[in-house]
Amino acid sequence: MTRIHFNEVAPRDGFQIEPEFVPTEAKIELIDELSLCGYAKIEVTSFTSPKAIPMLRDAEIVMGRIRRVPGVEYTVLVPNLRGAERALESRADELNLVMSTSETHNLANLRMPREHSVKALSEVIRHVDGRTPINVSLSTAFGCPMEGEVAQATVLDFMQRFADQGVRGLTLCDTTGMANPAQVSRIVEAALARFGDRQITLHFHNTRGMGLANVLAAVQGGVTRLDGSLGGLGGCPYAPGASGNICSEDAVHMLATMGHDTGIDLERLLAAARRLPAIVGHEVPGQVAKAGPSTRLHPAPESVAQLRAQFA
Ligand code: COA
Ligand code: ZN
């Protein structure tokens, strides 16, 4: 039985792309509930430019008011030095730095070439100087919606450059759901062989229905850390065609029924997921919250009792 560490990203990846601003109070309440579900980590918000990501313009307030539960790490997305300073000020447990492995997506999302991002993030790493653990999320690692294929060697090269700077973790992000399980197996094998001493996390979007298949390929390949989003919310506003992350409760359900230890109280998580449509004002893609877990049984129709008697 493998211990799988789940990082809940709905408050960041999910809320950043919602058409309506999710009220600050509702964000705090949801994060406080998620804190009690057994997550290893929660990505609370991002310290980005409020012009670029207006939906998370309340980052300081949210970070200041959530009730932190011991044992849960509260991480935040950070694109630059300014963001890092805000994150440190807010006492984040981890800084999740972000850049894209595709030049076009990096220009669209972060408004600079990849090499500038490497330089900027390296400055952040030097500035933080070990005070807070750092994770680097590499977007479009399985393909870019504008450029197409991103060579595995390119992705591994960016991983190497940040591993060399001593970061604690590296996340491979399938920003618009282009990954397939065979590709996941290949890159996971290479990444764990080279960077097995780091925390390696996989971040999938279910844009093409391959999300849980990719989770399975990752876990079978030895990955023990996954990002997921409550209800399957999520998406990058600067990646055309982006849609939701893999749904946390569906992934937790799948892995738990397979015998893995996710650390998560599924019933509690499902209850949180069922409240989500009221918070965001629309239906969400997650399936297990609607169907109930596979252990939930339904009463048989009356005809079955009659047929049993008839065939007895
Ligand atoms: N926090 C708050 N404000 C910030 C900021 C930060 N981390 N970084 C920049 N800003 C502000 C600047 O103060 C400036 O404000 P002004 O126009 O009022 O003077 C404005 O944003 C532009 O700053 P600049 O340094 O020129 O940045 P930019 O316009 O080149 O944008 C990013 C670069 C990275 C800050 C911006 O593109 C961004 O935040 N992107 C978010 C990407 C993201 O989260 N995508 C989804 C997840 S993958
Ligand atoms: Zn994402």
Side-chain angles (χ1 to χ4, degrees), residues 6-18 41 43-63 75-90 92 95-102 104-114 116-121 123-124 127-128 135-146 171-179 201-208 210-211 214-215 225-248 251 285:
F6 265 91
N7 174 28
E8 173 57 54
V9 301
R12 196 278 300 170
D13 209 331
F15 291 163
Q16 74 181 6
I17 200 174
E18 279 303 312
K41 208 193 272 188
E43 190 165 47
V44 174
T45 186
S46 71
F47 286 105
T48 43
S49 152
K51 279 189 198 137
I53 309 286
M55 296 302 167
L56 302 179
R57 59 182 181 265
D58 53 2
E60 271 86 358
I61 307 173
V62 174
M63 278 298 278
T75 188
V76 293
L77 192 90
V78 163
N80 56 16
L81 198 54
R82 170 89 188 279
E85 272 160 5
R86 294 173 61 202
L88 291 172
E89 184 80 12
S90 292
L95 271 54
N96 183 25
L97 311 187
V98 64
M99 68 166 286
S100 187
T101 55
S102 133
T104 310
H105 183 248
N106 208 67
L107 287 165
N109 191 38
L110 298 166
R111 302 171 52 81
M112 63 184 92
R114 287 172 299 179
H116 287 228
S117 278
V118 172
K119 208 162 150 262
L121 299 187
E123 253 174 65
V124 171
H127 176 75
V128 173
N135 186 79
V136 177
S137 279
L138 296 170
S139 306
T140 65
F142 296 86
C144 166
M146 294 161 286
T171 300
L172 295 174
C173 302
D174 182 22
T175 309
T176 61
M178 293 172 72
T201 303
L202 274 283
H203 174 109
F204 295 116
H205 282 255
N206 196 35
T207 317
R208 294 176 177 80
M210 291 189 276
N214 289 330
V215 167
R225 293 175 190 276
L226 295 165
D227 286 359
S229 175
L230 193 72
L233 296 182
C236 174
Y238 299 101
S243 69
N245 290 74
I246 57 151
C247 169
S248 298

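Whatever order the structure lists them in is the order used to number ligands and atoms, beginning at 1. Given the structure is predicted, the values throughout are model-derived calculations rather than measurements.
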Any protein N, O or S atom under 2.8 Å from the Zn ion (ligand 2)? Found Asp13 OD2, His203 NE2, His205 NE2

Nearest atoms (heavy-atom pairs only) where Glu43 meets Asn7: N-OD1, 3.4 Å

CG of Leu97 to OG of Ser137: how many Å apart, nearest 0.5 Å? 8.5 Å

According to side chain to side chain contact (heavy atoms under 4.5 Å, CB included), who are the partners of Ala242, at least two apart in sequence or on a separate chain? Thr176, Ala239

Collect the protein residues that have a non-hydrogen atom under 4.0 Å from ligand 1 and hand them over in chain and number order. Arg12, Gln16, Phe47, Thr48, Ser49, Pro50, Lys51, Ala52, Ile53, Leu77, Pro79, Asn80, Arg82, Gly83, Arg86, Asn109, Leu110, Arg111

From CA spacing to verdict: side chain to side chain contact (heavy atoms under 4.5 Å, CB included), Asn106, Ser117: CA-CA 8 Å; Asn106 208 67; Ser117 278; 2.9 Å; yes

Those residues at least two apart in sequence (or on a different chain) that pass side chain to side chain contact (heavy atoms under 4.5 Å, CB included) with Leu226 are Ile4, Phe6, Leu202, Val215, Val219, Val223, Leu255

The reported gap from CE in Met210 to CZ in Phe142 (rounded to nearest 0.5 angstrom) is 11.0 Å

Only one of Leu56, Leu233, Val9 passes side chain to side chain contact (heavy atoms under 4.5 Å, CB included) with Gln16, and that residue is Leu56

Glu8 to Ser248 - nearest heavy-atom pair and separation: OE1-OG, 2.7 Å

Over all heavy atoms of both residues, which pair between Ser100 and Leu110 is shortest? Give the atoms and the distance, please. N-CD1, 4.5 Å

